[in-house]
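This report concerns only the one structure given below.
We use all heavy atoms of the structure for the numbers below, so side chains are in, but hydrogens, waters and symmetry mates are not. Chain letters run A, B, ... following the sequence lines, proteins first and then strands; every chain starts at 1.
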Amino acid sequence: MTTFVSLLVNGISQGAVYALIALGFVIIFKASEVLNFAHGSMLLLGAYVIARLVPSVGFAAAVAIGVASTALLAVLLERLLFSRVGRNKGLGGHGQVAALTIMTLGLDIVIVTDMARRIGSGVLSLDQPWGSGAFSFGDVAITYNRLIAIATAAVLILAFLAAFRFSGWGVALRASAEDAETAALMGIRRWQVSALAWLLAGALAAVAAVFLTGSPTPGLEPSIRTVAFAAFPAAILGGLDSTTGALVGGLIVGVVEAMAAGYSSHLDFLGGGFGAAVPYIVMLVILLARPAGLFGTRELARV
Amino acid sequence: MVAGSQPKLLDVGALEVVYAGVVQALRGVTMSVGAGQVVAVLGSNGAGKSTLLRAVSGTLGMHGGKVTAGALRFDGAELAGRGAADIVRLGLVHVPEGRRIFGRLTVEENLRAGGMSVRGRAARSRARDRVYELFPRLAERRDARAVLLSGGEQQMLAIGRGLMSAPRMLLLDEPSLGLAPQVIGKIAAAIKEINAQGVSVVLVEQNAAMALAISEAAYVLELGRTSLSGPSAELAASDEVARRYLAVAGEPAPGADGLPADDHAPGEPADEAPREPASPARTLSRWQPPPARRGLPRPRAGVGAAAGSGGAHAGEPQ
């Protein structure tokens, strides 16, 4: 039982971080119909900037600069690459979404390759001030990093969902996601809505990076991007166009992954390292039952 | 009454539009709308009515269309090359065909979306109050998801959403489409009320009877060209328009007084309009069920009431 509770809490923590990443993935898709598979590499870049700056400017300033530069990079990518291709009407709906998505994959490889070269074989530390200590509640232990991750993610996600629901930007985003032409006829400037979506998504990814590289993870390695990849099945199983789905999907993936890793001794017959495959298996099973994801309203066929 | 006697707000000169580089949809449309006017644009399917509105509102590009020749001016400003969202900021709003409300948003959120170009919270809430005053039914349903509204309510919402940016001119594309006669009467009354508050209106309609009844001037498009134009009353009385666009013998021809739906008394001729029978197949006044979009509920007659509580005593257009 103790193991179970411990795994549950740790899973929720990891899931909350996935939710941060998945939220960004979902709003980018809603705002500009791009499946941004470069999201993991944006996160990697944010972590790298923070790790490099920490020794000279301190943790808080490094995080602020890292978050800002990742957000800026996301907006630049949107303005310089994706919106230009998006404006090209020659491809038509499906072809265009496919082209944009492949572009993000290419971009992801470029950024990851460069990051791997810069980081090298070592492990960079982001030097989180909460260190690697753990909080024990009876026999259930959870690192401070993961506790703070839960709290931070909860605050950010709530703030984000509130903005999505109540702010002018949220209304404009939902309106243009539903009917871009009519939204333009109402005076909504889609590029502004979209730029803000990329900005927020980039910032959320960098925040997630801070916790993904914290204890119990040793620090920043290029493989962090693979971990971040688990947020994609989270977004998709939740429903690609649903912010609630991203949240729930993130938690499901986090918990299931933690369980699979924790009880891996019982799953030995499936081979070692099975935990990493679990998010994708969960996604497959959920999509079989609900092709639009748990909270999705749009058919995934459109993608 | 004569179109040329007022200062021009919208000027369309010899406009030509091509879709996908090959399909010529407009072959020279000329139209002008004065400040404070209601102008009707009539024509059959494919005549180019919606294309004309798209060209004016800057959304041709989203349909693969392009203006290849001609002039487009709103209040002196050149419209060609401006994006749709910028044209809204000039005070020109296009309410597209088929209502196109944001079904997943609430009524109130739809209105917020319509006012997105307006700076200042006070101005936005003034505009919203005005819309709720014009359509009290929308105020009652402000927290409902728009997809749950009846067809008539959705049309009110589409018009109200267009009014949120306090435009000087409203382009309405087939507001009567798929609505019951009674509801069309409410919409017509609302359009007159909107006009009485100082908004110029371009009304594209297949329902020629309604359009001619509430407009001052009208243009008839045929195969992408302006084939007829003039004061609405004259057009309504002309043989050709009556035969081709008003049709149906026994229906009172729309005069200067009374909306078609208000005193709908078949068999009681109201005036001396020509009464040549025409085959229903050639009738342009379509009264068909709503298009099956996203499983919208059919409009129930009677709901969507209240549109014209203010409109009923709106002055007739001079």
Distance (rounded to the nearest 0.5 Å) between A/Arg174 CZ and B/Arg112 CZ | 8.0 Å
Less than 4.0 Å between a side-chain N and a carboxylate O, is that true for B/Arg104 and A/Asp179?
-> no
Decide, yes or no, whether a salt bridge links A/Glu178 with B/Arg100 under the criterion of side-chain N to carboxylate O below 4.0 Å.
-> no
Gap separating the CE atom of A/Met186 from the NE2 atom of B/His94, nearest 0.5 angstrom = 8.5 Å
Search all heavy atoms of B/Val88 against all heavy atoms of A/Ala184 and return the closest pair with its distance.
-> CG2-O, 4.0 Å
Taking everything shown except A/Trp191 itself, do over 12 heavy atoms lie less than 6.0 Å from its CH2?
-> no
Under a 4.5 Å cut-off applied to non-hydrogen side-chain atoms, are B/Val93 and A/Leu185 in contact?
-> no
Under 3.5 Å: donor-acceptor pair, side chain of B/Arg89, backbone of A/Gly187 = yes
First locate atom CD of B/Glu109, then atom CZ of A/Phe166, and finally report the distance between them rounded to the nearest 0.5 Å.
-> 8.5 Å
Determine whether A/Glu181 and B/His63 make a side-chain contact, defined as any pair of heavy atoms from C-beta on separated by less than 4.5 Å.
-> yes
